[in-house]
Student: 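The structure's right below; bear with me while I get my questions together.
Because the structure is predicted, anything quoted here is derived from the model rather than measured. Heavy atoms only: backbone and side chains are in, while hydrogens, waters and symmetry mates are out. We're numbering straight along the sequence, starting at 1.
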Amino acid sequence: MTNSSFLRPSLFLLTGIPGMESGNMWLAIPFCCTYVISTLGNSAILFVIKAGCSLQDPMCLCLCMLSIAELDVSLSTLPTALSVLLFDSREIRFDVCLAQMVFIHCFSILDSGVLWAMAFNCFVAICNSLQYASVLTNSRVCVIGLGLMVRSINLLLPLLTLLKKLSFCRSHVLAHSFCVHPNLPQLPCGDVKVNNTCGLFVILATFGQDSLSIILSCVMIIRTVLSIASKEERLKALNNCVSHICAVLVYYILMIGLSMVYRSGKHASPLIHVFMANICLLGTSVLNPIIYSLKPEQIRRGIRKLLTPRRH
């Protein structure tokens with residue numbers, strides 16, 4: 001083994017379901033169903049928004065960005081996850097692993113940012129309804145989406161640069177069937193304090209900041225709703241945001257659950273870590289299309305129209 005290959009391995013080994021290697025083929029069935037539901041659900045929402053001219057409002061544009069982000073997260077993990085489960089092909093090149101890591105985290109950060117944008121949309125719609133159309137125009141929503149994408153890329157570039165400088169002289173076996181940043185700094189033999197600090201900063205600057213902004217928006221919305229005299233008007237105002245509240249709860253409950261497993265469950269079975277990581281990445285992409293197809297009347301009508309064959 002040469003010194004260059006010692007410092008930077010040409011290959012990493014992915015991990016399927018620990019202890020269930022012989023049953024990977026059967027485990028691939030529910031995973032395939034999950035990816036199919038996620039892909040079809042998010043694609044249906046994108047198609048409904050694109051086809052319905054009446055849906056071109058800020059909330060639907062945010063929902064479009066959310067579906068794109070979740071679709072990309074699930075598609076980023078699809079090739080390696082299914083190759084491990086279906087064909088027991090565990091090898092992944094170092095550069096491909098880093099590229100997958102960037103895609104997964106980039107769109108996960110974008111997912112969080114879009115949830116913040118949707119919370120801000122609900123805040124303006126309820127707390128400043130008279131100026132809603134002038135404050136949140138389609139062009140401004142597009143600029144917000146572009147800014148969130150630039151934020152994701154700029155925050156991930158330092159992590160990528162730092163990982164390329166590490167010496168991977170420990171085990172080359174990854175903990176999951178895909179590459180994520182929390183796992184990679186555990187493999188080098190050098191000092192990874194800078195990597196861990198940079199990773200923590202990215203989390204605080206994205207998920208931390210977004211969650212605080214969402215909480216602040218929800219508090220302001222609740223205060224405004226409680227100040228409405230009519231009970232019917234209060235229920236109507238809350239009804240407009242119930243889908244978004246459910247999506248936020250699903251997203252952050254899964255994130256907190258995964259964080260607790262990593263922080264407190266160091267001695268827990270690797271099986272728990274693997275399942276939580278997969279549920280966290282795929283859970284929102286599966287549940288959010290269901291949430292948003294059930295509640296918003298515009299989306300529900302669009303999906304019903306999509307599924308109902310036209311009568312001539």
Student: Would you confirm whether Thr77, through its side chain, and Ser74, through its main-chain N or O, come within 3.5 Å as a donor-acceptor pair?
Tutor: yes
Student: Are Met65 and Val143 in one and the same hydrophobic cluster, where Ile, Leu, Val, Met, Phe, Trp and Tyr link if side-chain heavy atoms are under 4.5 Å apart?
Tutor: no
Student: Compare all side-chain heavy atoms of Tyr252 with those of Ile215 and state whether any distance is below 4.5 angstrom.
Tutor: no
Student: Taking side chain to side chain contact (heavy atoms under 4.5 Å, CB included) as the test, write out the residues that go with Ile126, two or more places apart.
Tutor: Ile221, Thr224, Val225, Ala237, Cys241
Student: Please confirm whether the backbone N or O of Ser108 pairs with a side-chain atom of Ser112, one donor and one acceptor, at under 3.5 Å?
Tutor: no
Student: Over all heavy atoms of both residues, which pair between Leu166 and Pro188 is shortest? Give the atoms and the distance, please.
Tutor: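 Scanning both residues completely, I find the closest heavy atoms to be CD1-CG, 3.5 Å.
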Student: For residues Ala247 and Tyr292, report the shortest heavy-atom separation together with the two atoms involved.
Tutor: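 Distance-wise, the nearest heavy atoms are CB-OH, 3.5 Å.
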Student: Please answer whether the main-chain N or O of Leu14 pairs with a side-chain N or O of Arg90 as donor and acceptor at a distance below 3.5 Å.
Tutor: yes
Student: Could you point out which residue of Asn196, Val194, Val192, Thr197 forms a side chain to side chain contact (heavy atoms under 4.5 Å, CB included) with Leu162?
Tutor: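 Considering Asn196, Val194, Val192, Thr197, a side chain to side chain contact (heavy atoms under 4.5 Å, CB included) with Leu162 is found only for Val194.
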Student: Quick one: does Asn183's side chain have a donor or acceptor within less than 3.5 Å of a partner on Ala175's backbone?
Tutor: yes
Student: Go through Met101 and Leu184 one step at a time and tell me if the side-chain contact (heavy atoms from CB on, under 4.5 Å) criterion holds.
Tutor: CA-CA 9 Å; Met101 181 205 76; Leu184 290 175; 3.7 Å; yes
Student: Given side-chain contact (heavy atoms from CB on, under 4.5 Å), test Asn278 with Phe31 step by step and report yes or no.
Tutor: CA-CA 9 Å; Asn278 282 279; Phe31 272 94; 3.4 Å; yes
Student: Going from CD1 on Ile104 to CD1 on Ile109, what distance comes out if it is rounded to the nearest 0.5 angstrom?
Tutor: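 Atom-to-atom, Ile104:CD1 and Ile109:CD1 are 12.0 Å apart.
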Student: For the atom pair CD (Glu70) and CG (Leu75), what is the distance rounded to the nearest 0.5 Å?
Tutor: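 The distance works out to 12.0 Å.
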Student: Val36: which other cluster members, linking ILVMFWY side chains closer than 4.5 Å, directly or transitively?
Tutor: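 Traced through the cluster, Val36 reaches Leu40.
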Student: For Ser285, does its backbone N or O pair with a side-chain atom of Asn42 as donor and acceptor, under 3.5 Å?
Tutor: yes
Student: In plain terms, say whether Arg151 and Asp210 are close enough for a salt bridge, that is, a side-chain N and a carboxylate O under 4.0 Å apart.
Tutor: yes
Student: Please find the pair of heavy atoms, one from Pro58 and one from Val141, that lie closest to each other, and give the distance.
Tutor: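 Heavy atoms of Pro58 and Val141 come nearest at CB-CG2, 3.7 Å.
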Student: Just do the side-chain contact (heavy atoms from CB on, under 4.5 Å) check on Val102 and Leu98 with the steps written out, would you?
Tutor: CA-CA 6 Å; Val102 170; Leu98 292 184; 5.6 Å; no
Student: Quick one: does His244's side chain have a donor or acceptor within less than 3.5 Å of a partner on Ala119's backbone?
Tutor: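 Pair found, side chain donor or acceptor close to backbone of Ala119.
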Student: Measuring from atom CE of Met220 to atom CG of Asn128, what distance do you get when rounded to the nearest 0.5 angstrom?
Tutor: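 Met220 CE to Asn128 CG: 10.5 Å, rounded to 0.5 Å.
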Student: Hey, which of Thr284, Leu249, Val250, Ile245 is the one that makes side chain to side chain contact (heavy atoms under 4.5 Å, CB included) with Ile291?
Tutor: Val250
Student: Kindly say whether Ala133 contributes a backbone atom to a donor-acceptor pair with the side chain of Thr137 at under 3.5 angstrom?
Tutor: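 Not a single qualifying donor-acceptor pair exists.
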Student: Please name the pair of heavy atoms, one in Leu254 and one in Gly283, separated by the smallest distance, quoted to 0.1 Å.
Tutor: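 Heavy atoms of Leu254 and Gly283 come nearest at CD1-CA, 4.0 Å.
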Student: Has Ser217 got a side-chain atom pairing as donor or acceptor with Phe123's backbone, closer than 3.5 angstrom?
Tutor: no
Student: Do Tyr251 and Asn288 have a side chain donor and acceptor closer than 3.5 Å?
Tutor: no
Student: Would you mind reporting whether Phe87 and Leu82 have side-chain heavy atoms less than 4.5 Å apart?
Tutor: no
Student: Please evaluate residues Tyr35 and Leu282 with respect to the criterion side-chain contact (heavy atoms from CB on, under 4.5 Å), reporting the C-alpha separation (whole Å), side-chain torsions for both, the decisive distance (0.1 Å), and the verdict.
Tutor: CA-CA 8 Å; Tyr35 282 113; Leu282 299 176; 3.6 Å; yes
Student: Measuring from Leu200:CG to Leu204:CG, what's the distance to the nearest 0.5 Å?
Tutor: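 Going from CG on Leu200 over to CG on Leu204, the span is 4.5 Å.
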Student: Quick one: does any side-chain atom of Gln100 pair with a main-chain N or O of Cys179 as donor and acceptor, under 3.5 Å?
Tutor: yes
Student: With a 4.5 Å limit on heavy-atom distance, are the side chains of Leu163 and His181 in contact?
Tutor: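 A side-chain contact under 4.5 Å exists here.
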Student: Is the count of non-hydrogen atoms from other residues, nucleotides or ligands lying under 6.0 Å from Tyr132 atom OH greater than 12?
Tutor: yes
Student: My understanding is that only residues two or more places apart in sequence, or in another chain, count here; which of them pass disulfide bond (SG atoms under 2.5 Å apart) with Cys62?
Tutor: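 Testing Cys62 for disulfide bond (SG atoms under 2.5 Å apart), a comparison that skips the adjacent residues, returns none.
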Student: Over 60° means perpendicular and under 30° means parallel, so classify the ring planes of Phe12 and Phe94, tilted if in between.
Tutor: tilted
Student: In the structure I gave you, are the side-chain heavy atoms of Phe178 and Ile92 within less than 4.5 Å of one another anywhere?
Tutor: no
Student: State the CD1-SG distance between Ile290 and Cys246, to the nearest 0.5 angstrom.
Tutor: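 Atom-to-atom, Ile290:CD1 and Cys246:SG are 12.0 Å apart.
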Student: Would you check if Val180 and His176 make a side-chain contact, meaning some heavy-atom pair closer than 4.5 Å?
Tutor: yes
Student: According to a 4.5 Å side-chain heavy-atom criterion applied to Ile, Leu, Val, Met, Phe, Trp and Tyr, with indirect links allowed, do Leu110 and Val286 form part of one hydrophobic cluster?
Tutor: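 No, no single cluster joins them.
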Student: Between Arg140 (side chain) and Val135 (backbone), is there a donor-acceptor pair under 3.5 Å?
Tutor: yes
Student: Which pair of non-hydrogen atoms, one from Ile49 and one from Cys60, has the smallest distance, and what is that distance?
Tutor: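 Shortest heavy-atom separation between Ile49 and Cys60 comes out as CD1-O, 3.3 Å.
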Student: Can you check whether Cys97 reaches Leu174 side chain to side chain, under 4.5 Å on heavy atoms?
Tutor: yes
Student: Establish whether Leu212 and Val219 are linked, either directly or via other cluster members, by ILVMFWY side-chain heavy-atom contacts under 4.5 Å.
Tutor: no
Student: Out of curiosity, does Ile203 fall in the hydrophobic cluster containing Leu155 (side-chain heavy atoms, cut-off under 4.5 Å, transitive links)?
Tutor: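 Yes, same cluster.
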Student: Taking atom NE2 of His105 and atom OG1 of Thr206, what is their separation to the nearest 0.5 Å?
Tutor: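 Answer rounded to 0.5 Å: 10.5 Å.
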Student: Check the hydrophobic clustering (I, L, V, M, F, W, Y; side-chain heavy atoms under 4.5 Å; chains of links allowed) and say if Leu46 and Ile37 are grouped together.
Tutor: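 No: no chain of side-chain contacts under 4.5 Å links Leu46 to Ile37.
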